[in-house]
Amino acid sequence: MQKLKPIFAWNNYNESTINLLYRDSEGKKKIHHINDFAWYFYIHENELNRPEVKQTLKFYEDKNVIISTESCSPFLKIYCIGDKYFNQVKYLLEKLKSYKSDIRESDLSLTKRYMVDNSIEIEDNLKIGFFDIETDDSNPGISIGRDQILSWAICDNTGKTKFQRLETYGDSNAETELIKNLIKEFIKYDVVASWNGKLFDMPYIVSRIEQLEITTKSDVPLHKSIFWKQFMHIDMMQQAIRMYGSNMTTIGLAGFSLNDVCKFFIGQTKVAHTESIIDLYKNNPEKFEEYNKQDTILLQKLNEKLGIVDLMIKECSWTGTFLNQFYVSELLDNYILRAAKKENIYFKSRPEWKNKEDVVEDDEEEKISIRGGFVMTPKLGLYDNVRVWDFRSLYPSTIITFNIGEDTLVKEISEQCKNEFNEWLGERKIEEVDFKEWDDFLKKENKKHNPDKKYIQTANNQFFRKKSPSLLAGLLKKLLDERKEYKKLQKEAKDGTPEYKNFKASQEAIKILANSLYGILADKKTRYFNPAVAEAITTTGQYINRTSIAIVSKMGYEVLYSDTDSQFLSIGNDKDISKIIEEVNEKLEKYIKKTYKPIEYFQLLQYEKTFRKFAMVDKKRYAGHLIMLDRKETDQVMIKGLETVRKTTIEFARRHINEMLNLILKEDKDENYMKKWITDLKQFVLNEEILPEDLAISIKISKPIADYKSKPIHVLLAEKLIKQNKMLETKAGRNTWGTLISYIITDGSGKKEGVVLDEYKGVWDRKYYWCTQIYAPMQRILEAIWPDGNWCEHDILTIEKEERIKAKKKIAEEKKLLLEEKKKQREAKKLTKRQLVLI
DNA sequence: GCGGACTGCTTACCT
DNA sequence: ACAGGTAAGCAGTCCGCG
């Protein structure tokens, strides 16, 4: 029989049957059962020499929990009666863990083990339904499951919608009918997608099902335990946050409400309404229906435009992950485990999930931190002709060039070499060390530990075998090659066609996987966590960057700044930049090849952008007039890290800092011009009226109020709003989007006092706004580019403070003088008294 | 009791 | 529930001074 492609697979608690959900040739959903697959884990053979381990294994063998064993030298494969969820197996594993035994892959579920071992391909032709529910909003605030569901709508991939409305308001039988029909509808699809459905729609439906006792009534299409397995649910909002959350300000996305996202990406909005939902339901059923349907249509269109779900499906089928487990770590775990299985590499078990409360203060593992990228202390100032180039995929390339991986690491000398490195480095940070000194140290160590060049040395003084590619290097090479192929195909296909979209999704999926690979090596929660290996990558990245800086400096060019994989240089426009890059690349390649003798060289600088005028303000903070980007001419002011790109900055400051940067970078205004400009602006802020929207500070509430250890003003205001039922508590979690609190500072002199925007009564602290919100960011920029400009004269608060201190000192001195005077007088009196007595 | 110095928390950014 | 590096503003605390 041809291997069937499951849509989803699972095994129930304490059962050893694997259920595969699939569609037959007629497209009908079926479940295939697998009963003959035995679960197993690995234990290192050396462990068998320990009496306590031996005894434990014997004990569970006698109890028939361990069925059989098989040698997989140097490991022993132990087959059990069920997976890690079986109580008896759980006890066995707990016992072995308590002995700190070297056990491997014991955390896999039966289903995951089966999928990995058989390299089961996952169905990627999935039927998607976009849905949304409306609920009774007559009570204040939102509370999951408190009120009735009023309707549902679902939209298929072609834009066809279905809608059902609660027939009789307040009637629980009618609501039961409504929800049953929704479930029946869900089951027709493989995936149902929603907007924020993970935190709203799904829990709401589940809660209503429980309250109405729908599952205990027998005419539901499928039994309770099984109908949720008939389809998967994904939350498109979470995925949108993953994709665009990090650069929303850069691209200009206002927020992650469905309305904001749709307005931005597809230029469409939700159905506008001023009435409450319950009002619409009761008095305007047509509009109510349109409103509910429109949300699902928007989801469908959004997916068509952005390919959100397509990309997820691609990543899932590439790695062998089911959609409802769509997390980077899970995707990569499946991908790596499948490859490792073929190479007979067994990874350690994934660490136990630790609750926040369970983390011990002195946990050694928790304290380990891994060195990251190189951030050069920038040479501040205003420059002409600044060129930027960067290393293409620095970390993947480094892994390949230096053949980095747990399997290629020379463990025998790893500890000693680490100690020697730390001893040499001492208290210094690696970026403080002179490059030549670092290079010399590495050469000395290389000679000592690697005389016949069998290994390849990394910049943290670790050694990796060269004989065959590491698992990681092999995977990455495959990924990069595949991506190249898909990129080519994408280029050949016609823009907008299904093929084009398919190739695009493929190459993007691969890019995400390749770039995330390093991350899991430095993540304590994964089985791949390995400080020596992770730091081999980052430190060597730093080293390559600094080698390049050394080469460039020797060629006579000045590197102004560098962050991880990019370099900023001031190179006149009379020079041929491509030629220079070519030369640097050649020299770098020659040097790395000569010094480290890699099997394959995989580093490449590529030309990125040119700034006509450029202001270097601080680490990770700069702005410039960009005229060339990826070999295409452009004309824009690019700003990184400065207040204008931060969403906490007030609009007034954002507008004026932008204006200021435009004047300096595009219109080449000089220092004197800007001084005048600042003086005028200060007068305006201190005397004129400013709109409240321009003064509002917006800060995100990122977690439940109780989790805050200190309570700044925005948290205090949020707390008040929550108490008044005007705002929802934020849930903990990575892919949730907290609520923004917008407020205005009424008194910024001490502990900040303020009001939320809605309650603003016209009181604002002018001096605080000028000094902290508006001028401070400007001053930092101006001081960086014209350091001798006496820019502090506009910082009123600091000046006032200094004057206060001066005045105080003066008073103190006067007092002191006065006291001394009195003392003198007293003594004089005493003297005269004594003199009198004497007389 | 006041205010400066310092520390730690929080947010939001960069690669 | 993929990483580390960084700036900035503020709350909270400690400590010396008077």
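We use all heavy atoms of the structure for the numbers below, so side chains are in, but hydrogens, waters and symmetry mates are not. In what follows, every chain begins at residue 1, and chains take the letters A, B, ... in the order their sequences are listed.
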Practice task
Give the nucleotide from the list B:dT11, C:dG4, C:dA3 with an atom nearest to the side chain of A:Asp523.
Solution key: C:dA3
Handout entry: Shortest non-hydrogen separation from A:Met616 to A:Arg621 and the atoms involved
Key = CE-O, 3.6 Å
Practice task
Assign A:Tyr622 to base, sugar-phosphate, or nothing according to its heavy-atom contacts below 4.0 angstrom with the strands shown.
Solution key: sugar-phosphate
Exercise for the section: Check every strand shown and say whether A:Tyr395 touches a base, only sugar-phosphate, or nothing at a heavy-atom separation below 4.0 Å. Expected result: nothing
Exercise for the section: Kindly state whether the ring of A:Trp770 and the ring of A:Tyr768 have centres lying under 6.0 angstrom apart. Expected result: no
Exercise for the section: Answer with base, sugar-phosphate or nothing: what part of the nucleic acid does A:Tyr768 contact at a heavy-atom distance below 4.0 Å? Expected result: sugar-phosphate
Practice task
Using the P atom on both, measure B:dT11 against C:dA1 and round to a whole Å.
Solution key: 16 Å
Handout entry: Rounded distance [0.5 Å steps], CD1 in A:Ile697 versus CD1 in A:Ile744
Key = 8.5 Å
Exercise for the section: Among the candidates C:dC2, C:dA8, B:dC14, find the nucleotide nearest to the side-chain atoms of A:Asp618. Expected result: C:dA8
Exercise for the section: Assess the side chains of A:Thr111 and A:Ser109: does a donor N or O sit below 3.5 Å from an acceptor N or O? Expected result: no
Practice task
Could you check which of C:dA7, C:dG5, C:dA1 has an atom nearest any side-chain atom of A:Arg646?
Solution key: C:dA7
Exercise for the section: Could you tell me whether A:Ser516 contacts a base, only the sugar-phosphate backbone, or nothing, with contacts defined as non-hydrogen atoms closer than 4.0 Å? Expected result: base
